[in-house]
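Below is one structure, written out as structure tokens; comments come after it.
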There are 2 protein chains.
Amino acid sequence: MAGRTAAVQTRADSVRNRRLLLRAATEAFAECGVDVSMHTIAQRAGVAKGTVFRHFPTKDDLLAAIMTQLLDRLSETADRLLRADDAGRALKDFMGHGIGLLAADRAFCDVIGRPSLQHADVREAIDRLCDTVEDLTARAREQGAVRGDITGTDIVLLLGGIHQTAQPLLDREPRAWERFLEITFDGLRARDREALPHPPPARLRMADPSDVSAATKT
Amino acid sequence: MAGRTAAVQTRADSVRNRRLLLRAATEAFAECGVDVSMHTIAQRAGVAKGTVFRHFPTKDDLLAAIMTQLLDRLSETADRLLRADDAGRALKDFMGHGIGLLAADRAFCDVIGRPSLQHADVREAIDRLCDTVEDLTARAREQGAVRGDITGTDIVLLLGGIHQTAQPLLDREPRAWERFLEITFDGLRARDREALPHPPPARLRMADPSDVSAATKT
DNA sequence: CGAGAAGATGACCGAGGGGTCACGTTGTGC
DNA sequence: GCACAACGTGACCCCTCGGTCATCTTCTCG
């Protein structure tokens, strides 16, 4: 990427346009969801449609670039919260943060809602997120903040669920999700109750098995 | 509608086609969600596209006809459960039933997910549902099965949320929602905890105020 | 400043969507 | 069985979308 002797160095206007494009797409996806058109994104970035496709071969690639970034930032938050003393509090804070992101980004909702047919990059980002959240949950479990049979996958899934619960109220009560997080987190607390009906899946393995090269990073 | 002396009585093949159409549309919407095309629905019913539009002027009308029916059947279930002795059990059963319907019908998920821009008939059906669920919840509250600040609107909203939570697992674990219903219902139980962060809206008043003639039925 | 390559552009394409309508078909009452 | 109105039909219209590409513009390096 750096200045190799001579020859191919990415042009200045190209990187500028790429930045404009990413910003515009981030906003457009957040406001309108995944169904926003490439034309609209191009307009908002102030470039022509062809330019969008020069930087991102398909719409899916563009969406994946933005969603991956969003998911990774959420992973970082989870990572930071691993160092908190009160693991229960940390877990709840993480959930609040995640739900807040969902409430602010329609495309994010769309993406986590539909598990199948997803860009490999996004699946990997979700995997990374699950890894960290698993640790976060394990700590809360060990501290007795949540019941023993709650896993990180439960938590990640609940993010989308709690947001969905509050979504119809989002216009008039932007913070209504706090109510449902409170309710749900209360249900997660450790108590001497019988085991939950269904065990959670070991991992949130999304989509097809044709993707053999999944564990390159981790 | 009945045989008026002479003149206009609906033709036999017309009512037959209408029935075929409704059945096909119900299945198609359930399998594919609201984005299934009118062409596909026509094919599945074994009629031409024009016939669909003869019976239902717009796609929205067709969708509303089916969703209304589904919502009203759910209302009936709630109504029946009003007569159960254990109101807490009844409320939980109702939730299980509702979530099961969501799990089996993608269009249903799509419709309850997006509150705005919805057919007036659907909004009214949701209103009717909310009414009954409010009663169901009130009984559970009075019997001490759920905390005092839980409303019927909470319950209706949670239906979509719990289903959404389990949706990514739906392919491999069709009954995974039972796990999350258990967790959530546990959070609803009466306990001496502080009040919930956000009060629920008095009603699930969906969409615009331009719809003045909302309370014609009820 | 000039040459050349990398980038930007927008007209264009094919697919697929909802909705329409002139015409052919069929059920119904007399 | 006749006539007519209601119904069924599918080609057609217009629109939007993701994606392409020949052409023009602009940055960069010498």
Spacing between B:Ile41 atom CD1 and D:dG8 atom P, to the nearest angstrom: 16 Å

Cation over ring face, A:Arg18 and A:Phe56, 6.0 Å, 45°: yes

Sugar-phosphate only, base, or nothing, as touched by B:Val36 at under 4.0 Å among non-hydrogen atoms: sugar-phosphate

Distance in angstrom units between B:Lys49 NZ and C:dG18 P, rounded: 7 Å

A:Ser14 (side chain) donor-acceptor with A:Thr10 (main chain) under 3.5 angstrom: no

Donor/acceptor link under 3.5 angstrom from A:Arg11 side chain onto base of C:dG7: no

Sugar-phosphate only, base, or nothing, as touched by A:Ser37 at under 4.0 Å among non-hydrogen atoms: sugar-phosphate

Between C1' of C:dG7 and CZ of A:Arg19, the distance in whole Å: 16 Å

N or O in side chain of B:His55 less than 4.0 angstrom from D:dG8 OP1/OP2: yes

Distance in angstrom units between A:Leu62 CG and D:dC17 P, rounded: 15 Å

A:Asp105 side chain vs A:Leu102 backbone, donor-acceptor pair below 3.5 Å: no

Given DNA chain C, 5'-ward residue of the pair B:Asp35 and B:Asp13, judged by closest heavy atom: B:Asp35

d(CZ, B:Arg18; P, D:dA6) in whole Å: 16 Å

Distance below 4.0 Å between B:Asn17 side-chain N/O and D:dG8 OP1 or OP2: yes

d(CZ, A:Arg54; P, C:dA5) in whole Å: 14 Å

Length of the line joining A:His39:NE2 and D:dC15:C1', which is rounded to integer Å: 13 Å

Distance-only donor-acceptor test, A:Lys59 side-chain atoms vs D:dG19 base atoms, 3.5 Å: no

Between P of C:dG19 and CZ of B:Phe53, the distance in whole Å: 5 Å

SB check B:Glu27 B:Arg44 (cutoff 4.0 Å): yes

Lys/Arg-Asp/Glu bridge criterion (N-O < 4.0 Å) met for A:Glu178, A:Arg175: yes

Nucleotide nearest A:Val47 (side chain, heavy atoms from C-beta), chosen from C:dA8, C:dT9, D:dT28: C:dT9

D:dT9 OP1/OP2 closer than 4.0 Å to side-chain N/O of B:Thr51: yes

